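All heavy atoms count here, side chains included; hydrogens, waters and symmetry mates do not. If you're wondering where the values come from, they're calculated on a predicted model, not measured in any experiment. Numbering of ligands and ligand atoms starts at 1, following listing order.
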Amino acid sequence: MSGCWAATYSVVVTTTVEPLQSLLDGPARPAAQQPRWPDDAALKSAVETLSSMPPIVFAGECDVLRQRMAAASRGEAFVLQGGDCAETFAAATADNIRDRVKTLLQMAAVLTYGASVPVVKVGRMAGQYAKPRSSDTETREGVTLPAYRGDMVNDFEFAEAARIPDPQRLVRAYHASTATLNLVRAFTTGGYADLRHVHEWNKGFVSTPANAAYEKLARDIDKAMKFMSACGADFDAMRQVEFFAAHEALLLDYERPLTRVDSRTGKLYDTSGHFIWVGERTRDLDGAHIDFITKVHNPVGVKLSAKSDPAYIEKLLDLVDPDREPGRLTFITRMGAGHIRDALPGVIEAATKAGSAATWICDPMHGNTFESTSGFKTRNFDDIVEEVHGFFDVHHALGTVPGGIHVELTGNDVTECLGGADKILDADLNKRYESVCDPRLNHRQGLELAFLVAEMLAAD
Ligand SMILES: O=C[C@H](O)[C@H](O)COP(=O)(O)O
Ligand SMILES: C=C(OP(=O)(O)O)C(=O)O
Ligand SMILES: [Mn+2]
């Protein structure tokens with residue numbers, strides 16, 4: 001892998017390039033899960049192109065999100081992060097993006113109304129194009145090829161040429177991300193996300209118990225709004241909603257060239273997304289990914305599995321959040337329904353002892369993945385709910401704050417996770433399994449989860 005990126009200028013320009021390069025260069029650290037790009041010159045060209053592109057997000061927006069995450073760390077807001085496990089270029093269509101945003105808006109409405117807390121809406125979107133893998137290769141019927149590592153690296157098609165990493169995909173990922181975020185911004189600021197349209201977000205989705213419950217809730221919201229309106233409330237203030245973009249900062253050849261100096265403060269921000277996180281497989285304290293997030297001022301997350309060592313937590317805090325600044329660091333725990341009650345307390349206690357101000361978010365997906373009898377990578381809806389229950393229970397017992405959830409979902413009617421009110425069975429998985437990586441909650445399962453989490457929040 002070449003380190004030949006060069007941030008030639010910052011778009012929020014004022015500062016020279018030097019501070020950026022010296023801050024990011026540092027001693028070379030091992031970077032796990034990076035593709036082996038076959039052509040250095042092609043990589044250099046792609047990285048240079050990225051360096052010259054405008055930022056996808058602005059530093060000031062990242063600061064707003066930091067404040068929102070800080071509110072969630074105190075229990076004054078609740079974070080909803082959700083979206084595909086792996087976005088694909090082909091699926092970055094208007095309909096798919098709209099349905100994912102609608103699903104998140106509906107889930108947020110359920111959580112806000114049910115629990116009376118503001119919901120911080122964060123899409124796993126507009127940058128979630130790179131995947132860490134358990135194995136470097138994939139074997140099908142005796143044929144072994146390099147693993148698919150996300151559309152930012154290679155193609156999902158099981159063919160030798162398709163699986164060769166192509167650095168031009170870094171540039172395509174940038175364009176797909178800007179197009180996605182552009183539409184998301186249009187939906188969320190152009191009136192579509194206005195709470196007065198709360199009924200319309202449900203349109204186009206098949207009627208089920210979760211959708212019927214949502215309709216009832218939407219009627220209640222309508223009624224409350226009519227009452228407030230009669231009292232003179234200004235609903236134009238609700239025409240727009242804040243919506244943020246997040247992804248795993250996995251490919252440093254993508255994240256580094258999009259890191260820019262903020263003209264207001266001279267600080268570095270990764271402008272590829274508002275919130276970035278480091279995954280379970282790349283969170284080594286001496287590795288390049290943790291080093292990278294120490295250098296940028298975005299709000300950042302680190303995933304923690306049940307294997308997390310409490311001693312790790314203190315070291316991580318000192319590196320990533322030395323000032324213990326609320327909103328800066330989020331721990332995204334993904335321990336599994338069977339482990340969370342045993343593994344989470346030690347981790348939270350270590351953080352509390354170290355003076356942590358971090359936000360705690362539950363990812364109930366990644367510790368609950370298994371292969372079904374029919375051979376699909378899947379998750380059980382009940383395990384997902386049970387992990388969130390465990391997360392709430394542990395925080396309550398320790399007097400700490402459950403600050404949000406992080407889920408893999410789609411607005412589409414897929415059959416990837418088992419269970420839910422529709423009772424998706426193993427035999428149903430082949431009907432509409434479209435994920436190129438992990439199984440996602442479909443629209444109805446997402447909504448159903450939101451109702452259950454709203455109950456947990458309301459019981460707080
Ligand atoms: O989120 C994605 C997956 O959990 C991760 O990429 C590992 O998947 P794999 O075990 O199929 O490689
Ligand atoms: C790979 C992922 O998660 P984790 O790092 O927690 O395994 C993911 O969020 O898709
Ligand atoms: Mn995943």
Handout entry: Passing option when Glu138 is tested against Arg133, Arg163, Arg149 for salt bridge (charged side-chain N to carboxylate O under 4.0 Å, His left out)
Key = Arg163

Problem - No-hydrogen, no-angle side-chain donor-acceptor test under 3.5 Å, Arg29 and His289 - result: no

Practice task
Measure the distance from atom 3 (C) of ligand 1 to every protein heavy atom, then report the residue, atom name and distance (to 0.1 Å) of the closest one.
Solution key: Asp438 OD2, 3.2 Å

Handout entry: ligand 1 N/O within reach of Pro132 N/O, cut-off under 3.5 Å
Key = yes

Problem - Test salt bridge (Lys or Arg N to Asp or Glu O under 4.0 Å) applied to Lys44 and Asp40, step by step - result: CA-CA 6 Å; Lys44 185 167 184 288; Asp40 269 0; over 6 Å; no

Fill in the blank from the handout: At under 4.0 Å between heavy atoms, what of Arg334 touches ligand 1? The answer is neither

Handout entry: No-hydrogen, no-angle side-chain donor-acceptor test under 3.5 Å, Ser272 and Asp270
Key = yes

Practice task
Verify whether one side chain among Trp37 and Asp253 offers a donor that lies under 3.5 Å from an acceptor in the other.
Solution key: yes

Practice task
Check the pair Trp277, His247 against ring-ring contact (aromatic ring centres under 6.0 Å, His included), reporting the backbone distance first and the verdict last.
Solution key: CA-CA 6 Å; Trp277 75 85; His247 64 271; 7.3 Å; no

Problem - Glu408 side chain to His366 side chain, donor-acceptor N/O pair below 3.5 angstrom - result: yes

Practice task
Taking only heavy atoms of Cys85 into account, list the atoms of ligand 1 that are under 4.0 Å away from them.
Solution key: 1 (O), 2 (C)

Handout entry: Protein residues having a heavy atom less than 4.0 Å from any atom of ligand 2
Key = Cys85, Arg124, Lys131, Pro132, Glu248, Trp277, Gly279, Glu280, Arg281, Lys303, Arg334, His366, Glu408

Practice task
Check each heavy atom of Lys131 against ligand 1 and say whether those closer than 4.0 Å belong to the side chain, the backbone, both or neither.
Solution key: side chain

Problem - Polar proximity ligand 1 side, Ser134 side, N/O cut 3.5 Å exclusive - result: yes

Exercise for the section: Answer yes if the side chains of Glu387 and Asn368 hold a donor-acceptor pair under 3.5 Å, and no otherwise. Expected result: yes

Practice task
Report yes or no: does Arg379 contribute a side-chain atom to a donor-acceptor pair with the main-chain N or O of Met365 at less than 3.5 Å?
Solution key: yes

Completion exercise
re atom 11 (O) of ligand 1, the protein heavy-atom contact at minimum distance is Lys377 NZ, 2.6 Å

Exercise for the section: Check the side chains of Glu280 and Ser305 for a donor-acceptor pair under 3.5 angstrom, ignoring hydrogens and angles. Expected result: yes

Handout entry: Closest protein heavy atom (residue, atom, distance) for atom 7 (C) of ligand 1
Key = Arg281 NH2, 3.3 Å

Handout entry: Ligand-side contact atoms (ligand 1) for residue partner His366, heavy atom cut-off under 4.0 Å
Key = 1 (O), 4 (O)

Handout entry: Polar side chain donor-acceptor pair, Ser374 to Asp426, under 3.5 angstrom
Key = yes

Problem - Thr410 side chain to His443 side chain, donor-acceptor N/O pair below 3.5 angstrom - result: no

Fill in the blank from the handout: Counting only protein N/O/S atoms, those under 2.8 Å from the Mn ion (ligand 3) total 4

Handout entry: Cation-pi geometry met for Arg283 and Tyr312 (6.0 Å, 45°)
Key = yes

Practice task
Would you check if there is a donor-acceptor pair between the side chains of Arg432 and Thr415 at a distance under 3.5 Å?
Solution key: no

